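The shown structure was predicted, so the numbers you read here are calculated from the model rather than taken from an experiment. Order of the sequence lines fixes the chain letters, A, B, ..., with proteins taken first and strands second; residue numbering starts at 1 for each chain.
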There are 2 protein chains.
Amino acid sequence: MTAQRRPGKSPSIEMVARQAGVSIATVSRVVNGVSKKASADTTERVRRVIAELGYRPSGAGSALRSRQSRIVALLVPGAASAYMAAVAAAVEAALRERQKVMILCDTAEDANIQDDYLLEMRAQMVRGMVMLGAVDSPVLTQFLDEGEPLVFVNRKSPGGPGGGFVGIDNLQAGADIAAYFVERERLPCAVIHADPSSSATAERLTGFRRHMKREGIKLPASAIKTYPSVDHLEIGYRGAVALLQNGRVPRSIFCASDLIAYGAHRRCRELGLAVPEDVLLFGFDDNPLNDWVAPWLDTVHVPYETFGTAVVDLLDTIWAGTQTQPAPEILLPHKMVLRA
Amino acid sequence: MTAQRRPGKSPSIEMVARQAGVSIATVSRVVNGVSKKASADTTERVRRVIAELGYRPSGAGSALRSRQSRIVALLVPGAASAYMAAVAAAVEAALRERQKVMILCDTAEDANIQDDYLLEMRAQMVRGMVMLGAVDSPVLTQFLDEGEPLVFVNRKSPGGPGGGFVGIDNLQAGADIAAYFVERERLPCAVIHADPSSSATAERLTGFRRHMKREGIKLPASAIKTYPSVDHLEIGYRGAVALLQNGRVPRSIFCASDLIAYGAHRRCRELGLAVPEDVLLFGFDDNPLNDWVAPWLDTVHVPYETFGTAVVDLLDTIWAGTQTQPAPEILLPHKMVLRA
DNA sequence: TGATATAAGGAAAACGTTTACCTAAACTTA
DNA sequence: TAAGTTTAGGTAAACGTTTTCCTTATATCA
């Protein structure tokens, strides 16, 4: 057992003040860039001492006093999935540029966990909460009501009005895919999707259907497979098992995510079906691995890398306080990626 | 422009105290489970008020006073990669059970960014810092020196002694792969790996080489390809390009990560080589997508799902204060996954 | 010149906790 | 019964900021 050495302490504002021969008020003002309150000389001197000592305002101290921490929370359902990770990385990077840090919470699509985290985040006085794939929950509705700074990503607010939104035009994307199927004469077609309670999935589907209807094409119920499971790979596999029975093979399948397409592809492989020759698989998200392990996949590229700055821009707008009447919304451009 | 509504406030300890007719000290003691300080009645009454009001101690208030927040930091190089995300998810889940939350920092393998984050985390008074793939940096060494609670994952401390470690026995795993190549008569073999400054990569490699040497097998320098790039897919591809020239085809390639194997596989596909018939590809990590999109890949399964509890157990040990003289270390079991 | 505005900066209160110290009552024990 | 001990709980001092008042000195203006 070694001598118990307590971790080092960061220098406090008081040390900086003493060292620079000014009051702590002045140091605080220099740090926070309160102009017209310190002469150029003083500012310079304080800055130098700050650099020398490696001073950084204590998160707890400033949060306590100003009721706002330097932290933003990101709540995701399932942190391990590729696209969540992509968004998380993008948001983290964008926050870093604004000198903020990110708490990551995994809600596992569970309303109770989500509520627990929401309350904890308020207790942490986070400056904002970013909801990636939010579910409907009492506290979420309450927070929306109370004007908590919320930004929804991909899936729109399931808890009533309020909050910003960052995503793509899912309706249009769905229609684009339908148009592509028609144009390439890939009919009859089928669809495999996950729980459509997510606005993203629902809108992709609606867009797809609307376009088909406009073209006078009927989608029989048997051509649309949906499963409640959380695992998209499994959904894709089971969907393909159901669709590809008795030698019936649609000319194309719209899979609502790349992972669903991966699952469907496995079944195709098992059945000896060539993709895309026998059946065209169309995914969604554009997993960065596609080029390497799924060159047979057509998909919609969602620019997750750019979601980060969009989210933070929205937060800035909200923080600025001049709430725009309609909740601020940023739609980013998607793009079809046709590999097959 | 709507009326500016400030976000709701959480109830404070003072409200709880008043409501329950006790002092705030008593409430604090109940919350923190200080026994022998409140009667069963009082405890019960306070508990009820807390539940009613939905009280949660303010993170800032308690952090400021006790010099410890409820936050643990996870520093990763590249948050978007699958295995980082897997570890992040596991750590997050394990922390949740201990009523802690996780800040996620992406260092991009950059020593300056890492240092900046380390200092910011100290300013946030985080309870511990988990380094996934740490790089050597001045502040890291300083923190190790000062006894900051650090746990290294996968890649051992590059900043001197100290800190806990969670990972697998990379030496053994490397040897296992070599043994497999020998046993299956998959010689000559080759290796593609990324920057070996990471202890994980270095040890895998060493284990592999040692076993080969023990078997009396020479690995010519030309059979070992390494590239400094950060992108493992690219590394794998370029490695395969270099290895598979002039019709020379090794019987097996040990790729130091699954992504490297994906990259190599792409080149094999381009050359019309069958995997594993013509050349066996052996990866590392066991990406969860393997079953679906890379059924040709043999790999080592690293139980990232279990890293979370291991990390938090280690933190608990460190927090308990009775520092074990040799830094605590947890080695988790790996497993070969032979699909091919 | 006197009045007034502005610049520069200090003193001190408050934010919500935790905890060392104190007190008073209720039990022991000799 | 007196002295000591335990139990239950209150008081108040930090913790490190930010910010509202002040104060003083200097510049501006009529």
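- For B:Lys37, the side-chain atoms get nearest to C:dC21 when compared with the rest of C:dC21, D:dA13, D:dC21.
- Protein atom CD of B:Gln124 is 13 Å distant from nucleotide atom C1' of D:dG16, rounded to whole Å.
- Of the side-chain N and O atoms in A:Arg67, one or more sit less than 4.0 angstrom from OP1 or OP2 of C:dG16.
- Judged purely by atom type and a 3.5 angstrom limit, B:Ser199 uses its side chain to pair as donor or acceptor with the backbone of B:Lys156.
- If you take CE of A:Met15 and P of D:dT17, they are 9 Å apart, rounded to a whole angstrom.
- Each end of the helix from C:dT1-D:dA30 to C:dA30-D:dT1 gets its own axis, taken as the rotation carrying the C1' atoms of four end pairs onto the next four within a five-pair window, and the two axes meet at 40° to the nearest 10 degrees.
- In this structure, CD of A:Gln68 is placed 16 Å from C1' of C:dG16, rounded to the nearest angstrom.
- As rounded to whole Å, 13 Å separates atom P of D:dA14 from atom CD of A:Glu14.
- Distance, B:Ile24 CD1 to D:dG10 C1': 10 Å, rounded to whole Å.
- Summarising the geometry of A:Val27 relative to A:Ile13, their closest heavy-atom pair is CG1-CG1, 3.5 Å, with the distance given to 0.1 Å.
- Closest to the B:Arg65 side chain, of the nucleotides C:dG16, D:dT19, D:dT17, is C:dG16.
- The main-chain N or O of A:Arg127 is found under 3.5 Å from a side-chain atom of A:Trp319 such that the two form a donor-acceptor pair.
- Contact annotation for B:Ser23: base contact, defined as any heavy-atom pair under 4.0 Å involving a base atom.
- Between A:Glu109 and A:Pro77, the shortest heavy-atom contact is CG-CB, 3.5 Å.
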| request: Mind running side chain to side chain contact (heavy atoms under 4.5 Å, CB included) on A:Leu118 and A:Asp115 for me, showing each step along the way? | output: CA-CA 5 Å; A:Leu118 284 173; A:Asp115 276 359; 4.0 Å; yes
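- In plain terms, the two heavy atoms of B:Val135 and B:Pro158 that are nearest each other are C-CG, 3.6 Å.
- At least one donor-acceptor pair under 3.5 Å links the side chain of A:Arg45 to the backbone N or O of A:Ala20.
- The residues B:Glu92 and B:Arg96 are annotated as not salt-bridged, no charged nitrogen and carboxylate oxygen being separated by less than 4.0 angstrom.
- If you check D:dG10, D:dC15, C:dC15 against the side chain of A:Leu64, the one that comes closest is C:dC15.
- Looking at residues 26-36 of chain B, you'll see B:Ser28, B:Arg29, B:Asn32 sit with a heavy atom under 4.0 Å from some atom of DNA chain C.
- A distance of 10.0 Å separates CD1 of B:Ile50 from OG1 of B:Thr43, quoted to the nearest 0.5 Å.
- Remark: the backbone N or O of B:Ala89 is not paired with any side-chain donor or acceptor of A:Asp106 at under 3.5 angstrom.
- Two residues, A:Arg56 and B:Ser39, neighbour DNA chain D, and the one matched to the more 5' nucleotide by heavy-atom proximity is B:Ser39.
- Here the nucleotide nearest the side chain of A:Pro57, chosen from D:dT17, D:dT11, C:dG16, is D:dT17.
- Base engagement by A:Ala25 is indicated by at least one non-hydrogen atom pair under 4.0 Å involving a base atom.
- Place B:Ser66 and B:Ala38 on DNA chain D by their nearest nucleotides, and B:Ala38 ends up nearer the 5' end.
- OP1 or OP2 of D:dG16 has not a single side-chain nitrogen or oxygen of A:Ser58 nearer than 4.0 Å.
- Following rounding to the nearest Å, B:Met125 (CE) and D:dT17 (P) show an atom-to-atom distance of 8 Å.
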